Peer 1: 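Here's a structure for you.
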Amino acid sequence: MTIENSKIPVEKLSTGIEGFDLISQGGLPKGRTTLITGTAGSAKTVFAAQFLAEGIRKAEEPGVFVTFEEHPAEICKNLLSMNWHIAEWEERGLWRFVDASPQPGYEAIESGEFDLGALLARIEYAVRTVNARRIAIDSLGAVFTLFNNALVVRSELRRLSAALKGMGVTAVMTAERTQEFGEIARYGVEEFVADNVIILRNVLEAEKRRRTIEILKFRGTTHQKGEYPFTVLPDQGIIIIPISAIELKQRSSAMRVPSGSPEMDRMCGGGFFRDSLILVSGATGCGKTLMTAEFIGGGAKKGERSLLFAYEESREQLLRNAHGWGIDFEALERDNQLRVVCAYPESAGLEDHLIEIKRQIDSFKPDRVAVDSVSAMERVGTNRGFREFMISLASFVKHREIPGLFTATTATLMGGPSVTESHFSSITDTIILLRYVEMLGEMRRGVTVLKMRGSMHEKDIREFTIDNKGMHIGKPFRNIVGILTGKPEYLNVENADRLSDMFKD
Amino acid sequence: MSDCEKFLLKLYITGHTSRSERAIKNLRRICEQDLSGRYEMRVIDVLEQPQLAEDEKILATPTLIKELPPPLRRIIGDLSDTEKILLGLDLLPFELDCH
């Protein structure tokens with residue numbers, strides 16, 4: 001092994017795997033070996049193959065794939081679903097297999113001492129032939145099953161690891177683990193082959209599978225700590241969602257945009273901020289979707305394009321309801337002013353929803369985003385998964401410097417907090433509460449701006465009504481208290497007057 | 001199957017190490033003893049001809065492949081265990097008939 005110049009910091013090789021370069025602060029340590037460990041089905045092979053695929057696609061860097069488990073033809077076939085045309089890359093000399101997979105009828109008799117010199121020679125030959133910069137070895141555990149003598153395998157893998165360093169390639173090796181939390185890998189391979197260890201997990205949590213990636217160690221260089229959720233998508237492979245690695249560096253703008261309701265604009269001190277997140281919270285049926293529609297309609301009047309994610313209603317319901325409030329979603333969609341994306345929350349995992357939202361935003365490039373409702377997503381994941389989803393979603397929208405209006409349904413009819421609010425309220429800029437108010441045997445509706453970061457706003461709870469022209473915000477409720485806590489009480493006029501008299505000079 | 005048909009044996013080695021030399025010596029000894037006059041032995045250095053190792057999907061060295069007569073057999077190691085070699089070359093059961 002060569003001793004590296006201690007004055008030169010460890011260089012990193014951008015992997016091209018979305019999100020990974022961010023959590024690894026630049027990619028995999030260049031010219032070194034990184035061990036990828038995980039239980040069965042934790043996407044180790046996909047990671048290894050994607051490391052090569054992205055090298056080819058993004059940098060035309062040739063790669064070598066050494067397989068001890070699956071036959072190369074199987075790998076090509078399986079990864080075609082990721083849209084990686086390995087056979088074509090092989091023809092162009094960008095990808096080369098070293099096939100060490102078990103061959104039927106090739107079972108050997110062991111007689112005396114041996115080494116894995118032929119394997120090493122083949123790997124070196126493959127690297128030399130295509131001038132590979134990247135190499136993937138899948139998997140080390142399978143090597144142990146090929147030979148009876150584990151001691152030999154161990155020392156030969158160590159020799160391989162050293163040889164890879166000599167070749168100047170950046171390598172990933174996969175290894176199995178038997179448990180999600182426990183020893184790093186079977187046969188203790190991490191101790192002798194790799195400077196760097198990454199763990200992929202696939203944990204069953206509250207009946208849902210949750211994939212995470214953790215960089216356990218990068219020798220001599222830095223990385224983000226902890227687990228990050230990821231997903232494996234059909235035509236994209238692994239996508240990591242770098243939640244806590246997201247930097248809070250978005251700019252803040254003082255520019256205002258209309259909310260769609262002139263009265264609401266007044267309550268907010270002149271409209272929403274252009275790059276703010278607005279949370280609209282309320283019980284079912286009290287006007288959240290209406291506020292969303294107004295938000296979209298208000299944008300359209302200014303020629304701003306909106307993207308709406310609807311998780312509670314079908315497309316037809318939504319179009320009909322908006323029409324009932326005097327906003328024609330269909331016409332807006334025809335004019336390319338609006339895109340409505342409807343999905344059942346249960347149709348995919350939170351990570352997949354998040355990626356779909358990002359993809360839609362990237363492709364439609366809207367001026368405003370609305371999600372109705374984010375609380376529908378509470379059902380899909382665990383509490384922690386949901387929090388990560390919210391943070392990630394919020395930060396993504398903020399980075400676009402566009403306003404995002406998210407609705408949240410409260411659990412009880414008369415108010416009270418929701419899970420969404422507790423996870424989300426600190427990262428939102430504006431919180432608007434919609435509440436039912438029971439008054440003299442009648443259900444009325446109230447609206448108030450609870451918080452408006454960076455601006456004066458009205459503190460009143462105002463009554464509002466809904467008709468075929470939309471939302472009409474009226475006068476404040478004066479002689480009633482306890483609306484927000486869901487226990488309204490009336491003060492008679494005399495009491496109210498007495499209260500205000502108390503504070504007179 | 002004729003007991004006296006020709007054996008084609010290929011021995012794959014990695015460079016001329018002491019282990020390689022030992023394997024060659026052991027194989028030659030066995031061939032002289034049991035297959036005298038009816039064997040062809042080829043030694044292939046995978047460092048010089050890696051493509052041949054690739055084609056045969058060889059991992060360990062030394063590896064002995066008995067290509068003829070069928071069935072194909074693979075034996076890995078320095079061939080120091082003579083009994084195993086004879087077993088691998090299907091020579092043990094026929095030995096009695098041949099002499």
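Quick note: numbers below take in every heavy atom, side chains included, and nothing from hydrogens, waters or symmetry partners. The chains referred to below are lettered A, B, ... by the order of the sequence lines, with proteins before strands, and numbering in each begins at 1. This structure is a prediction, so every number in the text was calculated from the model and none was measured.
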Peer 1: Under a 4.0 Å threshold between the charged nitrogen and the carboxylate oxygen, would Glu90(A) count as salt-bridged to Arg96(A)?
Peer 2: no
Peer 1: Quick one: of Val46(B), Thr17(B), Leu47(B), who has the most non-hydrogen atom pairs under 4.5 Å with chain A?
Peer 2: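 Maximum pair count with chain A is reached by Val46(B).
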Peer 1: Given a strict heavy-atom distance threshold of 4.5 Å, which part of Gln51(B) is in contact with chain A: side chain, backbone, both, or neither?
Peer 2: both
Peer 1: Measure distances from Thr61(B) to the heavy atoms of chain A and classify the residue's part below 4.5 Å as side chain, backbone, both or neither.
Peer 2: both
Peer 1: I'd like to know which of Ser101(A), Ala108(A), Ala126(A) tops the heavy-atom pair count under 4.5 Å against chain B.
Peer 2: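 With the most close heavy-atom pairs to chain B, the winner is Ala108(A).
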Peer 1: Go through the atoms of Leu146(A) and report whether side chain, backbone, both or neither lie under 4.5 Å from a heavy atom of chain B.
Peer 2: side chain
Peer 1: Report yes or no: is the cationic atom of Arg134(A) (NZ for Lys, CZ for Arg) closer than 6.0 Å to the six-membered ring centre of Phe51(A), at no more than 45° off its axis?
Peer 2: yes
Peer 1: Return the minimal non-hydrogen interatomic distance between Ser111(A) and Ile75(B), and the atom names on each side.
Peer 2: CB-CG2, 3.9 Å
Peer 1: So if I take each residue of residues 67-76 of chain A and look for any heavy atom under 4.5 Å from a heavy atom in chain B, which residues do I end up with?
Peer 2: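 Interface residues of residues 67-76 of chain A: none, nothing closer than 4.5 Å to chain B.
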Peer 1: Considering only NZ, NE, NH1 and NH2 on the basic side and carboxylate oxygens on the acidic side, decide whether Asp90(B) and Arg73(B) come within less than 4.0 Å.
Peer 2: yes
Peer 1: Looking at Glu110(A) and Arg74(B), is any side-chain nitrogen of the basic one under 4.0 Å from a carboxylate oxygen of the acidic one?
Peer 2: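 No, no charged N to carboxylate O under 4.0 Å.
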Peer 1: Answer yes or no: is there an ion pair linking Glu32(B) with Arg29(B), defined by an N-O contact shorter than 4.0 Å?
Peer 2: no
Peer 1: Quick one: of Leu119(A), Val98(A), Asp115(A), who has the most non-hydrogen atom pairs under 4.5 Å with chain B?
Peer 2: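 Ranked by heavy-atom pairs under 4.5 Å with chain B, first place is Asp115(A).
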Peer 1: In terms of heavy-atom pairs under 4.5 Å with chain A, which of Gly77(B), Gly88(B), Ser80(B), Ala23(B) leads?
Peer 2: Gly77(B)
Peer 1: Students often mix this up, so state it plainly: with edges at 30° and 60°, are the rings of Tyr187(A) and Phe144(A) parallel, tilted or perpendicular?
Peer 2: parallel
Peer 1: May I ask you to say whether Glu176(A) pairs ionically with Arg186(A), meaning some side-chain N is under 4.0 Å from a carboxylate O?
Peer 2: no
Peer 1: Could you check whether Asp78(B) pairs with Arg19(B) (Lys NZ or Arg NE/NH1/NH2 to Asp/Glu carboxylate O, under 4.0 Å)?
Peer 2: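 Salt bridge flag = no for Arg19(B) with Asp78(B).
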